[in-house]
There are 2 protein chains.
Amino acid sequence: MPPARAGNRHRPGRGSDALSRDVVVDAAVALLDELGERGFTVRLLVERLETGPGAVYWHVANKDELVALAADRVLASALSSPASSATEGGQGEGDMAPVKALRRLAVAVYDALDVHPWAGPQVTASPVLPSALALFDRVGGLLVRAGVPAHRRFTLATVVFTHVLAVSAQMTARAEAGGERVDRQAFLERSAARLEQLAGSHPFLADVAGDMRHHDDREQFLVGLDLLLSGLAAELAESPELIE
Amino acid sequence: MPPARAGNRHRPGRGSDALSRDVVVDAAVALLDELGERGFTVRLLVERLETGPGAVYWHVANKDELVALAADRVLASALSSPASSATEGGQGEGDMAPVKALRRLAVAVYDALDVHPWAGPQVTASPVLPSALALFDRVGGLLVRAGVPAHRRFTLATVVFTHVLAVSAQMTARAEAGGERVDRQAFLERSAARLEQLAGSHPFLADVAGDMRHHDDREQFLVGLDLLLSGLAAELAESPELIE
DNA sequence: GGCGACGCTAGAACCGCGTTCCAGAAAGTG
DNA sequence: CACTTTCTGGAACGCGGTTCTAGCGTCGCC
């Protein structure tokens, strides 16, 4: 082989401009955002990085790990974002009503998954990501402060954690059309029209089909969350003296 | 067709024993149960059916459609199972308290996805499956009977529907080890041990790690569902005269 | 009862993908 | 200056989804 490339490629060796795991994951996140999970391939990533497969596989074990790292980064960024913990006044989570803080945290997770729709399924598929554990811990801590008695902590933390993650993931998972993002309004319109034809077999569906035209995923996520939290508050109110 | 096979293969032509869409989907469900989504390939399916790829692709457009049909069948079976609607006494859904019926329905969905863990992610990925629509319709109908006012029906039906589907899917999605089903108890043991080492960064996690040793996914699904439904009951109690 | 059309099949082949191999280039080490 | 270590990238392997197509049986029709 002649001298690999006279001039316009990354030079190998352990230089300061060497590829790092972080750079690879960053590029993966960007590509996943552009193409969705289906369109994302290692070959495309390699091309974008102007390198070869060996370079990527030096830093990560395989594609699964790569996507997991990318998803972990998305969730981690949601957890570290100020919106997930601070009040408008600039105070930390520590001074907020726990339930309010829980709501904020959940919204931050939802918004992060909404921006990176490919990450949702990934996070729910294997909730062993470091940042998923961190989220669980945050949820649990807030429940403790909300006064959940010790024997209910694990169960209720799991319930809230799972609800937030699973529902966010499902609601933000778009129909990954390979590249062209369909017009949302037109899509809802078509769906509603289709549903109205099912009056025979699915009366309720046909009945509410019209509501679909102005429905907002994010708002519904909040309704569900509030329902769950109000159920939780009810349980706490029933046995206030059980607290630890 | 006594000879059924000239040499030792299915004969072509449009005989009564020709492959049908149903047969293909049946075989797909069976294979998916055995191998999980990752291990399932069209080639394996073709081999099991003792035929060629052309036969399969004559009946379904592509692998995605095939898996979607399989998932749809799983969900549909849950909806038609007696457990999803009948009381022990043999009466139908019609005579049951709506909330109780809702619970039953949710459990049927959970159990179906629990038996076919590969189906969960599939159903949540594209909730446009016919049986998903049917589920939504059932949920909505029960909410109407529970007294949900008209202007809240669509929103609340979506919330309950999404919760049931998304949480079931997440909790039943196993770590699809390609063939060997790991011992659950040992897995929980290892997880708990690992969590206990995180006391520094994740105090709550370390605190409840022990609880993980005897935790039951199904039970926690029910806790979450009941929390949501009790929140819903609370909303209804607040404005009883709004009913339609 | 021959005959063409159609439904359905299955082998071969195409192509893109994840992944591995390995020869080798720069930077670090003595 | 050898010599090691870290990192690279072109080539190649094997597998998986999918398409192509020659052909088999059966049915409708004259």
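Below, chain A is the first sequence line, B the second, and so on; all start at residue 1. Worth knowing before you read on, the calculation uses all heavy atoms, side chains too, and leaves out hydrogens, waters and symmetry mates.
The CG atom of A:Leu44 sits 11 Å away from the C1' atom of C:dC17 (whole-angstrom rounding). In this structure, CG of A:Leu66 is placed 13 Å from C1' of C:dT19, rounded to the nearest angstrom. Distance B:Tyr57 OH to C:dA12 C1': 15 Å, rounded to the nearest Å. With rounding to whole Å, B:Asn62 atom CG is found 8 Å from D:dT19 atom P. D:dT18 atom P lies 8 Å from atom NZ of B:Lys63, rounded to whole Å. The nearest whole Å value for the distance from the CG atom in A:Leu35 to the P atom in C:dC17 is 11 Å. The distance between atom CG of B:Leu45 and atom P of C:dT9, rounded to the nearest whole Å, is 13 Å. Straight-line distance from the CZ atom of A:Arg38 to the P atom of C:dG18: 12 Å, rounded to whole Å.
Contact between the side-chain N/O atoms of B:Trp58 and the OP1/OP2 oxygens of C:dC8 is found at a separation under 4.0 Å. For the pair A:His59 and D:dT8, the criterion of a side-chain N or O lying under 4.0 Å from OP1 or OP2 is met.
If you check the side chains of B:Asp72 and B:Ser131, you find a donor sitting under 3.5 Å from an acceptor.
Between A:Arg73 and A:Asp22 a salt bridge is recorded (basic side-chain N to carboxylate O distance below 4.0 Å). Between B:Asp64 and A:Arg38, at least one side-chain nitrogen of the basic residue sits less than 4.0 Å from a carboxylate oxygen of the acidic one, meeting the salt-bridge criterion. Under 4.0 Å is where a charged nitrogen must lie from a carboxylate oxygen, and between A:Arg184 and A:Asp216 no such pair does.
Of the candidates C:dT19, D:dT8, D:dT18, D:dT8 carries the atom nearest the A:Ala55 side chain, counting heavy atoms from C-beta on. When distances are taken from the side chain of B:Pro53 to each of C:dG11, C:dT20, C:dG18, the shortest belongs to C:dG11.
With hydrogens and angles ignored, no donor-acceptor pair under 3.5 angstrom links the side chain of A:Arg43 to the base of C:dG16.
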